[in-house]
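Right, one structure below, let's go through it.
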Amino acid sequence: MGIPPPAYLAAHKRGTLAKRANQALAALRQCSLCPRRCKVDRSRDASGICRTGRLARVASFNAHFGEEAPLVGENGSGTIFFSHCNLLCNFCQNYDISHLGEGTDVSDDQLADIMLQLQGAGCHNINLVTPSHVVPQILGALEIAAGRGLALPLVFNTSGYDSISTLKWLDGIVDIYMPDFKFWDENVAHNTCHAPDYPAAAKAAILEMHRQVGDLRIDDASGLAYQGLLVRHLVLPGGLAGTAKVMAFLAQQVSRNTYVNVMAQYRPCGTARQMKPLDAALSTAEYKQALKQTRAAGLTRLDVARRVFQLW
Ligand code: SF4
């Protein structure tokens, strides 16, 4: 059967993609794109929490081989790292990009060119990293790129701090959702990123994402993912991420077939060095415990090939 064409091509032909791009762009004038609901006019300035105005800012783009196996294949995942962020965790491993905003402003036309360059380089998908605050710019660029021949699956690689109304614009556009589910406890969310509503927002967002695209589907012949949900969970020291509860939620309320990457790579970055227990790296024992909790929840589709073998 092979890999079906990406969802946005049909939306482009029907005119739905252009319509959504226009709606999203208009929403920048009183921005409530994400749960922060800053209500600032981003067509005039960049005074919201994400510090992003009309133009998206790109920190880097390249064929990336460090992503999950079903995204990487032989030629890599075509990652576009957007600068700034709407969540701003104090332990962010890309602090210079997310908090300090390193990068270059790009027009929608330039962003479309970046997508096409990644396709030209042989990448297997377009992987939008930290995209929540630049959905209008992404939709505008996608409309241009689809008209110029873009035909790769679109990956929405997000912190999970997304609004349902914004995700509705992406229904029938995004092929693969790759949200984090970072922490279960609202006090932890408050202390690390001033977003006590993060757990509630992430739960609602992940349910909506799964409603749109279902479980992750992988092509047998190539081993490449082409549609569905892939959840990432970074295990934090001291049990701060609430791994057991996150996994129970995924298994019981999303799907037991949820594809999950339980990540072991936590190390103190940003300002987390000043906060216990985030001032220490994750121990092997803590990671093993998180894996045990994941399996106990009934989840079996784990992205473990490269990261876990060293620890077991
Ligand atoms: S996208 Fe940015 S400006 Fe808009 S609500 Fe979120 S943080 Fe605020």
Polar side chain donor-acceptor pair, [X] to [Y], under 3.5 angstrom:
{"X": "D303", "Y": "Y259", "value": "yes"}
{"X": "S132", "Y": "D162", "value": "yes"}
{"X": "S107", "Y": "D109", "value": "no"}

Any donor-acceptor pair under 3.5 Å from [X] side chain to [Y] backbone:
{"X": "Y266", "Y": "F91", "value": "no"}
{"X": "Q252", "Y": "M247", "value": "no"}
{"X": "T258", "Y": "R256", "value": "no"}
{"X": "E286", "Y": "S283", "value": "yes"}
{"X": "H210", "Y": "A205", "value": "no"}
{"X": "H133", "Y": "S83", "value": "yes"}
{"X": "S163", "Y": "S165", "value": "no"}
{"X": "R42", "Y": "A27", "value": "no"}
{"X": "T79", "Y": "N62", "value": "yes"}
{"X": "R273", "Y": "G270", "value": "yes"}

Non-hydrogen atoms of [X] and [Y] that approach each other most closely:
{"X": "M115", "Y": "A145", "answer": "SD-CB, 4.1 Å"}
{"X": "P277", "Y": "L240", "answer": "CD-CD2, 3.9 Å"}
{"X": "V213", "Y": "Q227", "answer": "O-CG, 3.9 Å"}
{"X": "A244", "Y": "Q293", "answer": "N-OE1, 3.7 Å"}
{"X": "D180", "Y": "K182", "answer": "OD2-NZ, 3.2 Å"}
{"X": "A112", "Y": "A141", "answer": "CB-O, 3.4 Å"}

Lys/Arg-Asp/Glu bridge criterion (N-O < 4.0 Å) met for [X], [Y]:
{"X": "E68", "Y": "R232", "value": "yes"}
{"X": "R211", "Y": "D171", "value": "yes"}
{"X": "E143", "Y": "R20", "value": "no"}
{"X": "D108", "Y": "R54", "value": "yes"}

inquiry  = According to side chain to side chain contact (heavy atoms under 4.5 Å, CB included), who are the partners of D41, at least two apart in sequence or on a separate chain?
reply    =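 Expected list: R29, S43, R44.
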task = Return the set of residues passing side chain to side chain contact (heavy atoms under 4.5 Å, CB included) with P179 (not counting sequence neighbours), or none when no residue passes.
result =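 With sequence neighbours excluded, P179 shows a side chain to side chain contact (heavy atoms under 4.5 Å, CB included) to T158, Y177, I206, M209, L229, V231, given in chain and number order.
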query = Are F81 and F61 close enough that their ring centers fall under 6.0 Å?
reply =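 No: the rings miss the under 6.0 Å criterion.
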query = Do the ring centers of H12 and Y8 come within less than 6.0 Å of each other?
reply =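 Judged by ring-centre distance (under 6.0 Å), H12 and Y8 do not meet the cut-off.
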query = Is NZ or CZ of K203 both nearer than 6.0 Å to the six-membered ring centre of W184 and within 45° of the ring axis?
reply =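 The answer is yes; both the distance and angle limits are met.
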task = Can you measure from CD1 (I114) to CD (Q119) and round to the nearest 0.5 angstrom?
result =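 I114 CD1 to Q119 CD: 14.5 Å, rounded to 0.5 Å.
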ask   = Less than 4.5 Å apart, any side-chain heavy atom of T243 and any of H233?
value =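 In short, these two side chains touch, coming nearer than 4.5 Å.
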request  = Kindly assign one of parallel, tilted or perpendicular to the pair H194 and H190, based on the angle between their ring planes and the thresholds 30° and 60°.
outcome  =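 Because their plane-to-plane angle is over 60°, the rings of H194 and H190 count as perpendicular.
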Would you tabulate the side-chain donor-acceptor contacts of residues 122-131 under 3.5 Å, counting partners in other chains and residues two or more places apart, or write 'none'?
unit_1, atom_1, unit_2, atom_2, d
H124, NE2, E74, N, 3.2
H124, NE2, N75, N, 3.0
N125, OD1, S77, OG, 2.6
N125, ND2, L71, O, 3.0
N127, OD1, N157, ND2, 3.1
N127, ND2, E67, OE2, 2.8
N127, ND2, S77, OG, 3.1

ask   = Heavy-atom count around E186 CD within 6.0 Å, excluding the residue itself: above 12?
value =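 Not buried by this count: 12 neighbours or fewer within 6.0 Å.
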